[in-house]
Amino acid sequence: ILTCPGQVEYLELGIRIVAEPATEIVRKTERFVISPVENIYIRSRKAGDEITLSGGTKSLKAIFVDRKIPQTERSLTPVLASGDQVLGVWGIGGNFRHMTEELPGIEIRFEKIDKT
């Protein structure tokens, strides 16, 4: 579980995932604000996972194929979820269905860190 405020580091991927109360509305791939949710889980992708981006709703599988992400990396890619709903994906961004235009909200940040 990713608490708010809180963070989780994935040294093997060289990333840190941070959740904190939002002070402004942001919509970027590596930084976005979602509506408040009870629990945020970090997991690998599951069959049937979908995300809504600016171009519409697509399965994570289709996005990974379109972006030519190697199969070996797909299961390592962190997915933020609440229940069965995908909130965001590292390297892809936030799910537009769960982003908010007003505060309060939870800011999610994907930060690069040193792998050592």
Side-chain angles (χ1 to χ4, degrees):
I1 293 179
L2 176 62
T3 59
C4 180
Q7 65 183 22
V8 175
E9 291 185 352
Y10 287 90
L11 294 178
E12 64 276 5
L13 298 174
I15 62 167
R16 175 185 302 124
I17 304 171
V18 179
E20 59 188 15
T23 57
E24 65 179 328
I25 300 300
V26 182
R27 284 186 171 223
K28 297 182 178 179
T29 301
E30 71 286 344
R31 184 174 167 228
F32 52 90
V33 177
I34 59 171
S35 299
V37 293
E38 196 164 313
N39 291 312
I40 300 173
Y41 296 95
I42 302 172
R43 60 170 174 79
S44 58
R45 71 180 176 101
K46 295 192 313 189
D49 277 347
E50 292 183 334
I51 189 168
T52 301
L53 302 172
S54 60
T57 302
K58 274 187 149 180
S59 71
L60 287 185
K61 179 180 180 179
I63 290 171
F64 288 159
V65 170
D66 290 349
R67 295 185 181 195
K68 297 180 175 51
I69 297 172
Q71 281 191 323
T72 54
E73 292 179 23
R74 294 176 194 178
S75 61
L76 299 176
T77 301
V79 174
L80 277 67
S82 182
D84 286 340
Q85 299 294 308
V86 173
L87 304 173
V89 181
W90 174 67
I92 294 172
N95 188 337
F96 279 34
R97 290 184 181 194
H98 296 283
M99 288 183 174
T100 184
E101 291 293 334
E102 49 192 57
L103 300 176
I106 299 171
E107 179 178 328
I108 302 293
R109 280 195 323 271
F110 296 109
E111 303 173 342
K112 293 189 182 222
I113 57 173
D114 189 2
K115 290 184 180 185
T116 58

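In what follows, every heavy atom counts, from backbone to side chain, and hydrogens, waters and symmetry copies are set aside. Each residue takes its place number in the sequence, starting with 1. On a predicted model such as this, the values are computed, not experimentally measured, just so you know.
- The shortest heavy-atom contact between Ile51 and Gly93 is CD1-O, 3.7 Å.
- Partners of Arg74 by side-chain hydrogen bond (donor to acceptor under 3.5 Å, both in side chains), not counting sequence neighbours: none found.
- Pairing each heavy atom of Val89 with each of Leu60, the nearest pair is CG2-CD2, 3.8 Å.
- The CD atom of Gln7 sits 8.5 Å away from the CZ atom of Arg109 when rounded to the nearest 0.5 Å.
- Within the 4.5 Å cutoff, the side chain of Leu87 has no heavy atoms near those of the Asn95 side chain.
- Note: the hydrophobic cluster containing Leu2 also contains Tyr10 (ILVMFWY, side chain heavy atoms under 4.5 Å, direct or indirect links).
- Taking all atoms of both residues into account, the shortest heavy-atom contact from Cys4 to Pro21 is SG-N, 3.6 Å.
- Shortest non-hydrogen contact noted between Phe32 and Arg27 is CB-CA, 4.4 Å.
- Following chains of ILVMFWY side-chain contacts shorter than 4.5 Å, one cannot reach Ile15 starting from Val18, and the two form parts of different hydrophobic clusters.
- Under the 4.5 Å side-chain contact rule for hydrophobic residues, Trp90 and Ile40 share a cluster.
- With sequence neighbours excluded, no residue forms a side-chain hydrogen bond (donor to acceptor under 3.5 Å, both in side chains) with Glu30.
- Ile34 contributes atom CD1, which lies 4.5 Å from atom CD1 of Ile108 (distance to the nearest 0.5 angstrom).
- With sequence neighbours left out, the salt bridge (Lys or Arg N to Asp or Glu O under 4.0 Å) criterion links Glu102 to no other residue.
- Put simply, Val37 and Leu103 are part of two different groups of oily side chains (I, L, V, M, F, W, Y) that touch within less than 4.5 Å, one to the next.
- One hydrophobic cluster, built from ILVMFWY side chains closer than 4.5 Å, holds both Leu80 and Phe96.
- Not one N or O on the side chain of Asn39 forms a donor-acceptor pair closer than 3.5 Å with the backbone of Ser82.
- Summarising the geometry, atom CZ belonging to Arg43 is positioned 13.5 Å from atom CD1 belonging to Ile1; distances are rounded to the nearest 0.5 Å.
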Per-pair distances, 0.1 Å, donor-acceptor, side chain in residues 63-72, under 3.5 Å, sequence neighbours excluded:
residue : atom : partner : partner atom : Å
Asp66   : OD2  : Lys58   : NZ           : 2.2
Arg67   : NH1  : Gly91   : O            : 3.3

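- Proximity of Phe110 to Ile17: side-chain heavy atoms (C-beta onward) are separated by under 4.5 Å at one or more points.
- Between Thr52 atom OG1 and His98 atom NE2 the span is 8.0 Å, to the nearest 0.5 Å.
- For the side chain to side chain contact (heavy atoms under 4.5 Å, CB included) test, residues two or more places apart in sequence or in another chain that qualify with Glu50 are Thr57.
- Panel note: side chain Ser59, backbone Ala62; a donor-acceptor pair is recorded below 3.5 Å.
- Counting all heavy atoms, side chain and backbone alike, Ala19 lies closest to Ile106 at CB-CG2, 4.1 Å.
- Scored by the salt bridge (Lys or Arg N to Asp or Glu O under 4.0 Å) test, Lys46 finds Asp84 as partners (sequence neighbours excluded).
- Counted within 6.0 Å of CZ on Arg97, heavy atoms from surrounding residues, nucleotides or ligands total 12 or fewer; the atom is thus considered open.
- Scanning all heavy atoms of the two residues, the minimum distance from Val79 to Ser44 falls at CG2-C, 4.0 Å.
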